[in-house]
S.K.: 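Attaching a single structure in structure tokens format; questions to follow.
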There are 2 protein chains.
Amino acid sequence: MTERSIPDATVARLPLYLRALIALQEQDVVTVSSGDLAIAAGVNPAKLRKDLSHLGSYGTRGVGYPVRELVDGISTVLGLTADRGLAIVGLGNLGRALAAYGGFQERGFRVAALLDVDPALVGREVGGLVVEDVADLEQVVRERDVTIAVLATPAGAAQQVADRLVGAGVTAVLNFAPAHVQVPAHVTLRRVDLSVELQILSFYEHVSARDERAV
Amino acid sequence: MTERSIPDATVARLPLYLRALIALQEQDVVTVSSGDLAIAAGVNPAKLRKDLSHLGSYGTRGVGYPVRELVDGISTVLGLTADRGLAIVGLGNLGRALAAYGGFQERGFRVAALLDVDPALVGREVGGLVVEDVADLEQVVRERDVTIAVLATPAGAAQQVADRLVGAGVTAVLNFAPAHVQVPAHVTLRRVDLSVELQILSFYEHVSARDERAV
DNA sequence: TTGTGTGAACAACTTCACAGCT
DNA sequence: AGCTGTGAAGTTGTTCACACAA
């Protein structure tokens, strides 16, 4: 049976499995074992099997997993089969890179709007879309059925923009601004922070350098 | 005493505390309680106290934590006081945005080189630095003491570039390429994957939409 | 009296090891 | 004979609740 409530840690890995499976599908691989898929995705095979078991019973003992069906199954669980409208707010360096990135459309997200405050940016075309005035945020979100927002504003504006997005009906926010943003419980927030990642790396780099001296 | 081996989960949160503390410092706040700092960083106060206890004893019972000393303490633990040379490899949309971002220099990382294969990009200036040929990777890494690399190449080139970086002496890699990259155990790798983040968001958005219908 | 530091209970996640299906 | 699916054990992380220092 399809299981209720998939663990967070599993959800976070499903996209990795999906990517590996799509690569296999492109090579016309029909069936894959947990061992092989685990190597491709960079995880432990037992973990992979337990993760997939949360989606229901896809595998066949003694054989492995059917690639195409797993791709479909994971896509459905992640909600990638539905239309998902996405807005990017803030078109500074990072926002423009994200708008031009193309990986969003490729994975089934419809980039529905680019919004910024800066009059110098409004009207400019980025990645095939015209930047619109953030003053129209509420209208754009409602009219184009935007449910996911990418926040790429400066830190100072992040909370205020997030509040407006949530007020307009957005239920998922990907925050690139280096600031702590709060949202109501029914909204999902994820943070991507470049300097945080670098600082974490710095710690381990630093520690391993010390270890080397000690050895 | 300064404690050995800080838990991974704690290390991942130290940069958040550091950011909140620096904001407090700029407002001339001298002392902060775990409760207030926890709100600013968006975590539970007990977790914050346990995290900070791994750095040693900074707080004073009945008073709180001295902001300046904590900033110094966390910076030292994270290795931000040392010189850290950083190279960005791959100057497509994302790589250029990262190069222009400025947040790296601000947080004490020295952007030492920008590298790309594309002859059309080599020689161009991005964010105040000239893009160099990736053929010179090994030489650049050694001469400029690069220990951290930001991988922003296409997926297909990521593993090969990572191998060269590691071979040249890089010990920390931040991978933005949508591919699984393997590195030896002594090298730390972190992954930032935009479409993975969106797919995770999509899951929760999707699930909450179902819940609403059920209610 | 206030707010840290921490043992202890709890919860989540990972890994092992093997039963059982094909 | 091979590989999944999963109880059970092990590990890591979180939260509680309170002793104790200032």
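Numbered from 1 within each chain, the chains take letters A, B, ... in sequence-line order.
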S.K.: Flag the pair Arg164(A) / Glu138(A) as yes when at least one side-chain heavy-atom distance between them is below 4.5 Å, and no otherwise.
M.R.: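 In contact.
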
S.K.: dG5(D) phosphate, OP1 or OP2: any side-chain N/O from Ser57(A) under 4.0 angstrom?
M.R.: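 So the side chain of Ser57(A) is within the cut-off, an N or O lying under 4.0 Å from OP1 or OP2 of dG5(D).
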
S.K.: Could you check whether any side-chain N or O of Arg144(B) sits under 3.5 Å from a backbone N or O of Val111(B), counting only pairs where one atom can act as donor and the other as acceptor?
M.R.: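 Between the backbone of Val111(B) and the side chain of Arg144(B) there is no qualifying donor-acceptor contact (under 3.5 Å).
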
S.K.: Heavy-atom count around Gln160(A) CD within 6.0 Å, excluding the residue itself: above 12?
M.R.: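 Not buried by this count: 12 neighbours or fewer within 6.0 Å.
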
S.K.: Establish, with yes or no, whether the OP1 or OP2 oxygen of dC3(D) is under 4.0 angstrom from a side-chain nitrogen or oxygen of Ser33(A).
M.R.: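 Ser33(A) to dC3(D) OP1/OP2: no side-chain N or O under 4.0 Å.
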
S.K.: When you check the phosphate oxygens OP1 and OP2 of dT4(D), does a side-chain N or O of Thr60(A) lie under 4.0 Å from one of them?
M.R.: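 For Thr60(A), the contact criterion (side-chain N or O under 4.0 Å from OP1 or OP2 of dT4(D)) is not met.
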
S.K.: Would you mind reporting whether Thr153(A) and Phe176(A) have side-chain heavy atoms less than 4.5 Å apart?
M.R.: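 Answer no - side chains too far apart.
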
S.K.: What is the distance, rounded to the nearest whole Å, between atom CG of Leu48(B) and atom C1' of dT6(C)?
M.R.: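 Computing the Leu48(B):CG to dT6(C):C1' distance gives 14 Å.
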
S.K.: Taking only the side-chain nitrogens and oxygens of Arg13(B), find out if one of them lies under 4.0 Å from OP1 or OP2 of dT14(D).
M.R.: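 True: Arg13(B) side-chain N/O within range (under 4.0 Å) of dT14(D) OP1/OP2.
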
S.K.: Could you check how far CG of Leu55(A) sits from C1' of dT6(D), rounded to whole Å?
M.R.: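 Rounded to the whole Å, the gap is 15 Å.
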
S.K.: At 4.0 Å (heavy atoms only), tell me whether Pro45(B) reaches a base, stays on the sugar-phosphate, or touches nothing.
M.R.: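 Nothing, no nucleic acid heavy atom in range.
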
S.K.: Using atom NZ of Lys47(B) as one end and atom C1' of dC10(C) as the other, report the distance to the nearest whole Å.
M.R.: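 Rounded to whole Å, this separation is 14 Å.
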
S.K.: Which listed nucleotide (dT14(D), dC16(C), dT4(C)) is nearest to the side chain of Arg49(B)?
M.R.: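 The listed nucleotide nearest to Arg49(B)'s side chain is dT4(C).
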
S.K.: So if I take every side-chain heavy atom of Arg61(A) and compare against dC16(C), dA19(C), dA21(D), which nucleotide ends up nearest?
M.R.: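 Among dC16(C), dA19(C), dA21(D), the one nearest the side chain of Arg61(A) is dA19(C).
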
S.K.: Using the rule side chain to side chain contact (heavy atoms under 4.5 Å, CB included), only one of Val32(A), Leu70(A), Val71(A) pairs with Gln25(A); which is it?
M.R.: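 Among Val32(A), Leu70(A), Val71(A), the one meeting side chain to side chain contact (heavy atoms under 4.5 Å, CB included) with Gln25(A) is Val71(A).
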
S.K.: Specify the separation, in whole Å, of atom CG of Leu14(A) and atom P of dC13(C).
M.R.: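 Roughly 13 Å, once rounded to whole Å.
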
S.K.: Could you tell me how far apart Asp51(B) (CG) and dT12(D) (P) are, to the nearest whole angstrom?
M.R.: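 Checked: the CG to P distance equals 16 Å.
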
S.K.: Just how far, in rounded Å, is P of dT4(C) from CG of Leu70(B)?
M.R.: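 After rounding, the gap between these two atoms is 11 Å.
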
S.K.: Taking 4.0 Å as the cut-off, does a side-chain nitrogen or oxygen of Tyr65(B) come that near to OP1 or OP2 on dG5(C)?
M.R.: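 Answer is yes, contact under 4.0 Å.
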
S.K.: Rounding to an integer number of Å, can you tell me how far Asn44(B) CG sits from dT14(D) C1'?
M.R.: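 Between C1' of dT14(D) and CG of Asn44(B): 8 Å.
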
S.K.: Regarding dT14(D), can its base be found pairing with the side chain of Lys50(B) as donor and acceptor, where the two atoms are less than 3.5 Å apart?
M.R.: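 Donor-acceptor pair under 3.5 Å: no.
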
S.K.: Measure from OH on Tyr58(A) to P on dC3(D) and round the result to the nearest Å.
M.R.: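 Those two atoms, OH and P, are 22 Å apart.
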
